[in-house]
Structure formats: structure tokens, C-alpha cells
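Below is one structure, written out as C-alpha cells; comments come after it.
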Amino acid sequence: MVEISTSILSIKKGEESKTFFELERAKTDYFHIDVMDGKFVEKNTYKKMQEYASYIKRISNLPLDVHLMVQNIDEAIEDFLAVEPNIITFHYEACKNKEEVMKFIKKIKENNCKVGLSVKPETDIEEIYEFLPYIHMCLVMTVEPGKGGQTLLSDMVNKIEKLKKYIDENNIDIDIEADGGINLRTAKEVKEAGANILVSGTAILMAKDYKVIIDELKQ
Ligand code: DX5
Ligand code: ZN
């Protein structure tokens with residue numbers, strides 16, 4: 001069964017708590033927290049996402065799916081462990097070397113949190129094969145990280161297919177999360193390719209009824 005992680009990046013100002021309650025009622029599986037530091041990507045959502053995440057933690061038991069688009073991964077892991085997320089995902093491209101990737105994987109796991117590794121569109125998926133046995137989820141960016149409302153890059157579907165084939169052939173049991181430009185049309189493609197967690201922001205937040213769109217994305 002596919003799970004839905006709703007990105008709160010493009011949430012309407014002034015309607016945050018109403019939206020969080022409605023998303024909980026609509027049974028999103030996760031809240032996707034897009035942390036941006038203004039260095040790894042242009043926008044800076046760091047403080048806002050800290051506030052939102054701690055608010056959600058107070059009003060909801062739904063798990064937090066934290067996506068770090070930051071350069072200083074060590075500091076961000078510390079900051080976001082504080083909101084007791086279900087999973088923290090960081091970017092392969094923000095790591096200096098393999099040792100650093102393993103260091104962050106270990107740090108997150110040592111704090112009883114699941115760990116994800118994310119790759120940007122231009123990164124070949126083979127580059128992260130060696131880390132797959134140590135992580136819980138691979139987040140395949142299906143848009144350029146940095147903002148919501150973009151169109152899914154269609155060759156990312158083949159990338160998901162390739163990853164799915166590799167994990168099946170090697171009996172690696174991890175989740176594949178597709179993130180960016182996911183709507184009713186593109187959800188079908190990425191699900192067929194092998195993604196089992198779909199991040200969606202704009203398509204859900206602009207819908208009249210969150211439950212209807214979330215249920216349809218899950219089909
Ligand atoms: C982009 C973020 C995505 C994005 C998804 O950098 O990682 O999670 O907010 O939003 P939509 O669904 O609008 O592409
Ligand atoms: Zn994201």
C-alpha cells in the first residue's frame with residue numbers, strides 16, 4: 001500500500017493550524033517537513049519548519065518525515081531530533097565523502113530515529129547503492145530541490161525503476177519516496193515505477209477536500 005507524506009512547504013499563511021488539523025483528519029500518513037537553509041538551496045525555511053514541526057508535534061500523533069535540504073547536516077540533525085521525527089532524510093550531495101554519509105546515518109540511528117538518504121535529479125542512483133543496506137528510505141527527488149509547485153522530471157521515473165530493480169535483486173528492504181511534482185497523473189507513474197511513499201504539497205494543499213485527493217493518490 002502506498003503512503004502519502006504531505007509537504008507543508010506551500011501551506012497558506014495564517015491558515016497553518018486549520019490546515020494541519022484538516023490534513024490529520026484527511027489521514028495523511030506523514031507530514032513532510034521541507035527544511036531549507038538558504039545555502040544548499042536558495043530558500044530558507046529553517047526556522048519556520050522548526051516552528052511548524054514542534055506545533056504539529058503538540059497537536060498530532062502523526063509521524064514527521066523531515067527532509068533536510070541543508071549544508072550543515074550535523075546541526076540540522078540536532079535541531080530536528082528535538083521534534084522527535086519518525087525519519088530524518090539528508091542529501092548525499094551535501095556530504096563531503098562516504099565517511100560523512102555513514103557518520104550521519106549512524107548519528108540519526110543512534111538517536112532512535114529512522115534515516116533516509118536523498119538524491120537530486122542529476123545524481124546517478126548507483127552512487128548511493130552502497131548505503132542502501134544501512135538506511136530505511138531512499139528519497140528520489142523528482143524535481144530540483146528548493147521549491148514547491150514544480151513539474152515532475154519524467155526521466156526520474158526511470159531512476160525510480162532502476163532503484164526498485166536493484167533493491168529487489170539484492171533483497172534490500174527499504175522504502176522509496178518520490179518527492180516533487182506529485183499529482184494524480186504523475187502519482188500513477190512513480191507508483192508503477194516502484195515508489196511506495198509519495199510526497200505531495202501543491203496538489204494536496206490546493207484541493208478542496210484533502211481526504212479525497214489523498215485517497216486518490218493512494219489508489
Ligand atoms: C522541494 C521539496 C518537495 C516539494 C513538494 O524541494 O523537497 O517536498 O515541497 O511539493 P510539490 O508537491 O508542490 O512539488
Ligand atoms: Zn521534500
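First listed ligand is number 1; within each ligand, the first listed atom is number 1.
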Is any side-chain N of the basic residue among E189 and R185 closer than 4.0 Å to the acidic one's carboxylate O?
yes

For the side chain to side chain donor-acceptor pair (under 3.5 Å) test, which of Q219, K211, K218 pairs with D215?
K211

Ligand-residue contact atoms, ligand 1 with G180, heavy atoms, under 4.0 Å
14 (O)

Given side chains that start at C-beta, do those of D34 and I8 come closer than 4.5 Å, heavy atoms only?
no

Is the shortest heavy-atom distance from the side chain of V115 to the side chain of F90 under 4.5 Å?
yes

Who's the nearest protein heavy-atom neighbour of atom 12 (O) of ligand 1, and how far?
G201 N, 2.7 Å

Should you measure from each heavy atom of V199, which atoms of ligand 1 turn up under 4.0 Å away?
8 (O)

Atoms listed for the Zn ion (ligand 2) (protein only, N, O or S, under 2.8 Å, no waters) are H32 NE2, D34 OD1, H67 ND1, D179 OD2

contact_flag S10 ligand 1 heavy-atom lt 4.0 Å
no

Please determine if D168 and K164 form a salt bridge, counting it only when a charged side-chain N lies under 4.0 Å from a carboxylate O.
yes

Nearest non-hydrogen protein atom to atom 8 (O) of ligand 1, with distance, is D179 OD1, 2.6 Å

Closest protein heavy atom (residue, atom, distance) for atom 14 (O) of ligand 1
G181 N, 2.8 Å

Does K120 make a cation-pi contact with F40 (under 6.0 Å, within 45 degrees of the axis)?
yes

How does T202 reach ligand 1, by side chain, by backbone, by both or by neither, if only non-hydrogen atoms under 4.0 Å count?
both

Looking only at non-hydrogen atoms, find the nearest pair between I88 and L81 and report the distance.
CD1-CD2, 3.9 Å

So if I count the atoms of ligand 1 from 1 in the order they appear, which ones are less than 4.0 Å from some heavy atom of H67?
7 (O)

For the residue pair D65 and H67, confirm or rule out a side-chain donor-acceptor distance under 3.5 Å.
no

Is D29 reaching over with its side chain to a backbone N or O of I4, donor-acceptor style, under 3.5 angstrom?
yes

Only heavy atoms count here, so choose which of G146, G149, S118 is nearest to atom 6 (O) of ligand 1.
G146

Can you confirm, on distance only, whether ligand 1 has an N/O atom lying under 3.5 Å from any N/O atom belonging to M36?
no

Could you tell me whether the side chains of N170 and Y129 share a donor-acceptor contact shorter than 3.5 Å?
no

Would you say D34 has any N or O atom under 3.5 Å from an N or O of ligand 1, going by distance alone?
yes

For L9, counting its heavy atoms only, list the atoms of ligand 1 lying under 4.0 Å from any of them.
9 (O)

Quick one: does S200 get an N or O within less than 3.5 Å of an N or O on ligand 1?
no

Nearest non-hydrogen protein atom, atom 1 (C) of ligand 1:
K147 O, 3.5 Å

Under the criterion ring-ring contact (aromatic ring centres under 6.0 Å, His included), I'd like the reasoning laid out for Y92 against F104: C-alpha separation, chi angles, the key distance, then a yes or no.
CA-CA 10 Å; Y92 168 72; F104 294 137; over 10 Å; no

Is a donor from one side chain sitting under 3.5 angstrom from an acceptor on the other, for E3 and Y30?
yes

Between H32 and ligand 1, which part of the residue brings a heavy atom under 4.0 Å of the ligand: side chain, backbone, both or neither?
side chain

Is Q50 reaching over with its side chain to a backbone N or O of K48, donor-acceptor style, under 3.5 angstrom?
no

